[in-house]
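Report on the following structure.
Remember, it's 1-based here, ligands and their atoms both numbered in the order they're listed. Heads up: numbering here begins at 1 and tracks the sequence. Because only heavy atoms are used, hydrogens play no part in the values below, and waters and symmetry mates are left out as well, while side chains stay in.
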Amino acid sequence: MGILKDCIKNKRPDSIPIWFMRQAGRYLPEFREIRSRNPDFIKLCLNPELSKEITLQPLKRFAFDAAIIFSDILLIPFALGQEVKFEKNFGPKLGELNLEKLNQITDEVFIKNLKPVHDLLKITAKDKIIRGKDLIGFVGATWTLLVYMLNRKSPKKQSLDINMFNYPDQDFIIDKIIQSQKIHIKGQVENGATIIQIFDSWAGLLEEDKYEKYIYEPTKKIVDYVKTLGVEVICFPRGIKKYAEFCKIINPSAINIDYETDPKKIAEQINIPIQGGIDPKSLLFEEGDMIKEAKKYLDIFKNHQYIFNLGHGILPETSPDNVKALVNFVKDYK
Ligand code: CP3
């Protein structure tokens, strides 16, 4: 257990806790090297030894306080029997959703399909690099998984290709996703995850009158469930227009904010622990300008329980030297 947990529990760590979304990824040459030998992304995610190595790569280079497992939110649709492929310069491509097939996937089959991810956690949690640090497991939020399963690719230009809201048997699919999320979270916690992050990457696509059904209702169920397992839960409803309302209704252990949200307003409106915010593009600036932007977030959240992170995943073109400089700056910030 590490200082992220301390910060969330208001134990005031000696320094600001820090980790980055997508910290295990394409900006690291050592990741690209493994990836070039493993063209099948899903297969790589289901290889516990290689996934462990990728999970630990950023901790070997930088003074991060947590590791996030190398995996993907789309392993849930995969384990539910939907085809999931990743194409270069396109992103994820999912197969047709077959409701009959979905109905036939039992909890036992689902958990067996994700066993390699749970094995990855088990062997990673034991590694000495993790000692004193947090190990973060994750799932996609129900809405974001529904988007991928029905839209079958990332939505473009902030809009969906299909009419999600009139999709046949939508409530059956939503219930199946929630059940799968719970099983996958339990497997991660039982094998060593000390924190669970819920990525609702497409929350920003919804009109506010749809928040109740597609964000609040399912997310509350998942967050309450994670709490019964005794670990912390961080929510990232990216692009939501009502972070304060979200926190009031959902009450997660911490909230990750996106880079388009005004941090000053957040600091005024929200008093639960806050994570993230800085635009990942700031890490492409020259070092001095990047540090100035980071200092802005640190100063705004000086009197808050704050975990330094980004307002979305780190960009593949980010230089590892800049990451090193930024992490060291945050760790020395008083
Ligand atoms: O943060 C980490 O370092 C842990 C690993 C992680 C990955 N995906 C690895 C990955 C995490 C936490 C995710 C979450 C994820 N996956 C989200 C939610 C966060 C977000 O970015 O909004 C989403 C929407 C996905 C789905 C997904 N996976 C997309 C859209 C893509 C392609 C586009 C992209 O950003 O690369 C992926 C592929 C993916 N997942 C890669 C990695 C390292 C790139 C794989 C490669 O091409 O080498």
Are [X] and [Y] within salt-bridge range, i.e. N to O under 4.0 Å?
| X | Y | value |
| --- | --- | --- |
| K213 | D171 | yes |
| E33 | R37 | yes |
| E49 | K52 | no |
| K264 | E268 | no |
| K122 | E190 | no |
| K85 | D40 | no |
| E96 | R152 | yes |
| K241 | E208 | no |

Taking [atom] as the reference point, the nearest protein heavy atom with its distance:
| atom | result |
| --- | --- |
| atom 1 (O) of ligand 1 | R22 N, 2.6 Å |
| atom 11 (C) of ligand 1 | F138 CZ, 3.6 Å |
| atom 10 (C) of ligand 1 | F41 CZ, 3.5 Å |
| atom 7 (C) of ligand 1 | S71 O, 3.1 Å |
| atom 46 (C) of ligand 1 | R35 NE, 3.1 Å |
| atom 23 (C) of ligand 1 | I73 CD1, 3.5 Å |
| atom 20 (C) of ligand 1 | H312 NE2, 3.2 Å |
| atom 22 (O) of ligand 1 | S201 OG, 2.5 Å |

Geometry only, no angles: is [X] polar-contacting ligand 1 at N/O separations under 3.5 Å?
| X | result |
| --- | --- |
| R26 | yes |
| Y148 | no |
| R238 | no |
| F199 | no |

*For ligand 1, which atoms sit closer than 4.0 Å to a heavy atom of A24?*
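Matching atoms, with element in brackets: 3 (O), 43 (C).
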
*Just jot down the ligand 1 atoms closer than 4.0 angstrom to any heavy atom of S154, in number order.*
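Matching atoms, with element in brackets: 30 (C).
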
Within reach of ligand 1, part of [X] (heavy-atom separation under 4.0 Å):
| X | value |
| --- | --- |
| F20 | neither |
| K88 | neither |
| P92 | side chain |
| I69 | backbone |
| Q197 | neither |

*Cation-pi geometry met for K248 and F246 (6.0 Å, 45°)*: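 Judged by the rule, K248 and F246 form no cation-pi pair.
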
_For the residue pair K156 and F90, would you count it as a cation-pi contact if the rule is NZ or CZ under 6.0 angstrom from the ring centre and within 45 degrees of the ring axis?_
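Yes, K156 and F90 form such a contact.
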
*Heavy atoms only: which of I54, N89, D72, D200 is nearest to atom 26 (C) of ligand 1?*
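Residue with the shortest heavy-atom distance to the ligand atom: D72.
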
_Going by the closest heavy atom to atom 37 (C) of ligand 1, which one wins out of F86, F90, F70?_
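Result: the heavy atom closest to atom 37 (C) of ligand 1 is in F86.
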
*Distance-only, no hydrogens or angles: does the R32 side chain make a donor-acceptor pair with backbone N or O of R26 under 3.5 Å?*
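Yes, because the side chain of R32 sits within donor-acceptor range (under 3.5 Å) of the backbone of R26.
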
*Is ligand 1 less than 4.0 angstrom away from at least one heavy atom of F31?*
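A heavy atom of F31 does come that close to ligand 1.
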
*asked:* Is it true that, when you exclude K60 itself, more than 12 heavy atoms of the residues, nucleotides or ligands shown sit nearer than 6.0 Å to its NZ?
replied: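 Counting other residues, nucleotides and ligands, NZ of K60 exceeds 12 neighbours.
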
_Any L315 side-chain heavy atom under 4.5 Å of K281 side chain_ =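 Yes, close enough: below the 4.5 Å cut-off.
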
